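In what follows, a structure is listed as structure tokens, so that the remarks can point back to it.
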Amino acid sequence: MRTISNSRLLAFEALAEVEIHGKYSNLILPKMLAQSTLSVEDRALVSELVYGTLRMQGRYDALITRASTRSLSEIDEKVRIVLRLGIHQLTQMRIPSHAAIYETVELAKRVVGQSSASFCNAILRKIDQDPTPLLESGDQLSTIALNHSHPDWIISSYMDSLKSLEEVESLARSNNIPAAPTLIAWPGRSTVDELIECGAQAYGDNSLAAIAHGDPGSIPAIRERRAGVQDRGSQIVVEKFLDTFETGLRWLDMCAGPGGKAAYLSSVIQMRGGEFIANEISHERSSLVKQVVGTSEVVNFDARKLPNELGSFDRILLDAPCTGIGALRRRPEVRWRRTVQDLRSLTELQSELLDAAATILNNEGIIAYVTCSSHQAETTFQIRAFLKRHPHFKRIPVQDSRTNPDGELQLWTHRDGCDSMFLSMLRKQGSDKA
């Protein structure tokens, strides 16, 4: 990875990695910033340019479409990236128009050439004259989607669950508000006081969580993998699962990468007594898991086809692959990357993983089914279908004031200030074949 000293060029390069090469911004940008020679202020500028541009991409594309005689698909993808960067500076940042346009045109000259730079100049000047796109239509949900830069299908799924236009818009707005990283002091390995002493802020009266201000990597406990960066929503679902703790049980994390929940679980289990195994199909991601689970075993298998040698388990965490639409604050590009077609394939995979978990769970054992999603196809509907296939499973109500009538927990970013995580706990009572 090459060293870049120009903030706008680095932002462009990061967005190109996301848009063209399919990388994730929350993974690629910190590495690029670490390699740069930028000041703290310029690094903050880059972060705002990258994450802000990704969040508002849909709105910016609508402005480009209105200002251009070309369709969006006819505009080179690198030119689109440059234009979005310029529009973000024009409409969302305290940068004078002349400076935003000048800097963007200079960037365009460098990365797409003089001819395209002239095109960018013309489009940006036209948008600067009328930066409000009047994004309204007869469909209220489509208006929310466009104004708050979300695909229609995601906004429709919010309405299906929340049943309120006001709440849908509040959630969409919350998804566009940057969130400071939440930290966790893994039990027995670090303390929240240690994190606070290194500059973090207490997370209410929580005994393990803190909020980072600045680079979490500057905190020794994070660098030494005695603490981690983990959204509070993910912490909550692990804590609810740990409420079922009994000494001497066998625990499995079926889809453990990159390892945040596995680290939390393994830390508690190693302290209290029990066996914990983490499974991750990706060798690359499993290497991350190994770094944070201490002495616990990490294995590499397709979780739908675990070998008999692993045996059966009393507690299984299935943090299932999902659309990830519950974490749009932290992974803004997910909203543009996921499609309804992805939803169909993911729900099928989730069903297969749940069925596999059912076969290796001991009687009276518990599955914690977790998704970072609020889409009913991945949450409540998925669980209802599972219970029809496996009538000897019963829900265990999650002990929380926010549960639905079935006892399942759905967190919401606009209500709870964290990722929109879902948790359903399922107890096995006998055999489906009985």
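Given the structure is predicted, the values throughout are model-derived calculations rather than measurements.
- The one candidate from N279, L317, V370, L353 that meets the side-chain contact (heavy atoms from CB on, under 4.5 Å) condition with C255 is L353.
- Expressed to the nearest 0.5 Å, how far CZ of R59 lies from OG1 of T91 amounts to 7.0 Å.
- Annotation: side chain of V268 is not in contact with side chain of F241 (no heavy-atom distance under 4.5 Å).
- Counted within 6.0 Å of CZ on F301, heavy atoms from surrounding residues, nucleotides or ligands total more than 12; the atom is thus considered enclosed.
- The shortest non-hydrogen separation linking G52 to Y60 is O-CE1, 4.3 Å.
- Between the side chains of D355 and H390, at least one donor N or O lies within less than 3.5 Å of an accepting N or O.
- With hydrogens and angles disregarded, a donor-acceptor distance shorter than 3.5 Å links the side chain of T347 to the backbone of R344.
- Between D416 and M421, the closest side-chain pair of non-hydrogen atoms is not below 4.5 Å.
- With S373 contributing its side chain and I325 its backbone, the two residues share no donor-acceptor pair below 3.5 Å.
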Salt bridge (charged side-chain N to carboxylate O under 4.0 Å, His left out) evaluation trace for D130 with R66:
CA-CA 10 Å; D130 183 13; R66 190 182 68 174; 3.4 Å; yes

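- For the pair M32 and L10, the tightest heavy-atom approach, listed with the atom from each and the gap, is O-CD1, 3.9 Å.
- Side chains of T413 and R329: a donor-acceptor N/O pair is absent below 3.5 angstrom, by distance only.
- The distance from the CD atom of Q341 to the CG atom of L346 is 11.5 Å, given to the nearest 0.5 Å.
- A distance-only check finds no donor-acceptor pair linking the side chain of E17 to the backbone of G22 [under 3.5 Å].
- Two residues are said to be in side-chain contact when any heavy atoms from C-beta on lie closer than 4.5 Å; V192 and L208 fail this criterion.
- Atom CH2 of W251 is separated from atom CG of D314 by 9.0 Å, given to the nearest 0.5 angstrom.
- Taken to the nearest 0.5 Å, the CG atom of L387 stands 9.0 Å off from the CG atom of D406.
- For the pair F245 and I269, the minimum side-chain heavy-atom distance is below 4.5 Å.
- Among pairs with a residue in residues 175-188, those fulfilling side-chain hydrogen bond (donor to acceptor under 3.5 Å, both in side chains) read H150-N175, Y158-N175, N176-R335, at least two apart in sequence or across chains.
- For the pair R8/L85, no side-chain contact is recorded, criterion being any heavy-atom separation below 4.5 Å from C-beta on.
- Not one N or O on the side chain of K78 forms a donor-acceptor pair closer than 3.5 Å with the backbone of A16.
- Of the possible polar contacts, one joining the S266 side chain to the A263 backbone as a donor-acceptor pair under 3.5 Å is found.
- A donor-acceptor distance shorter than 3.5 angstrom exists from the side chain of E378 to the backbone of T323, with no hydrogens or angles considered.
- Rounding to the nearest 0.5 Å places CD1 of I236 at 5.0 Å from CG of L411.
- Using modelled atom types, one side-chain atom of S157 and one backbone atom of I154 make a donor-acceptor pair closer than 3.5 Å.
- With salt bridges taken as basic N to acidic carboxylate O contacts below 4.0 Å, one links R84 and E19.
- Nearest heavy-atom pair, I184 versus L195, reported as atom, atom and distance to 0.1 Å: C-CD1, 4.2 Å.
- Judged purely by distance below 3.5 Å, without hydrogens or angles, the side chains of Q382 and S351 pair a donor atom with an acceptor atom.
- Side-chain atoms of Q92 do not come within 3.5 Å of backbone N or O of T53 as any donor-acceptor pair.
- C322 approaches C372 most closely through the heavy-atom pair SG-N, 3.4 Å.
- Of the N and O atoms on the side chains of E166 and S164, at least one donor lies less than 3.5 Å from an acceptor on the other residue.
- Taken from CZ in R250 to CD1 in I316, the straight-line distance is 10.0 Å, to the nearest 0.5 Å.
- In this structure, a donor-acceptor pair under 3.5 Å is present between the side chains of E74 and S71.
- Put simply, the side chain of T403 never gets that close to the backbone of Q399: no donor and acceptor are under 3.5 Å apart.
- With sequence neighbours excluded, the residues forming a side-chain hydrogen bond (donor to acceptor under 3.5 Å, both in side chains) with K240 are D400, listed by chain and number.
- T380 and E408 share no donor-acceptor pair across their side chains, judged by distance under 3.5 Å alone.
- Looking at R223, its side chain does come within 3.5 Å of a backbone N or O of G217 through a donor-acceptor pair.
- Across every non-hydrogen atom of W336 and R55, the tightest pair is CZ2-O, 4.0 Å.
- Scanning both residues, V398 and L409, for their nearest heavy atoms gives CG1-CB, 4.2 Å.
- In this structure the side chain of S161 never reaches within 4.5 angstrom of the side chain of Q410, judged on heavy atoms.
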Pair R70-F119, side-chain contact (heavy atoms from CB on, under 4.5 Å): steps then yes or no
CA-CA 11 Å; R70 306 181 202 172; F119 173 75; 3.6 Å; yes

Please report the C-alpha distance between R232 and N206 in whole Å, then the side-chain angles of each, then the deciding distance to 0.1 Å, and finally whether the side-chain contact (heavy atoms from CB on, under 4.5 Å) criterion is met.
CA-CA 10 Å; R232 182 62 191 141; N206 190 278; 2.9 Å; yes

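- Residue E352 is tested with R389, K305, R304 for a salt bridge (charged side-chain N to carboxylate O under 4.0 Å, His left out); the sole match is R304.
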Please assess E224 against R189 for the test salt bridge (charged side-chain N to carboxylate O under 4.0 Å, His left out), listing each intermediate value before the final yes or no.
CA-CA 10 Å; E224 296 161 9; R189 299 158 70 179; over 6 Å; no

V79 and V82: side-chain contact (heavy atoms from CB on, under 4.5 Å), yes or no, with the steps?
CA-CA 5 Å; V79 175; V82 170; 5.6 Å; no

Could you go step by step and tell me if R395 and L426 meet the side-chain contact (heavy atoms from CB on, under 4.5 Å) rule?
CA-CA 5 Å; R395 292 187 187 91; L426 307 158; 4.1 Å; yes

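- For the pair Y369 and Q350, the minimum side-chain heavy-atom distance is below 4.5 Å.
- Using a 4.5 Å cut-off on side-chain heavy atoms (C-beta onward), K428 and N362 make no contact.
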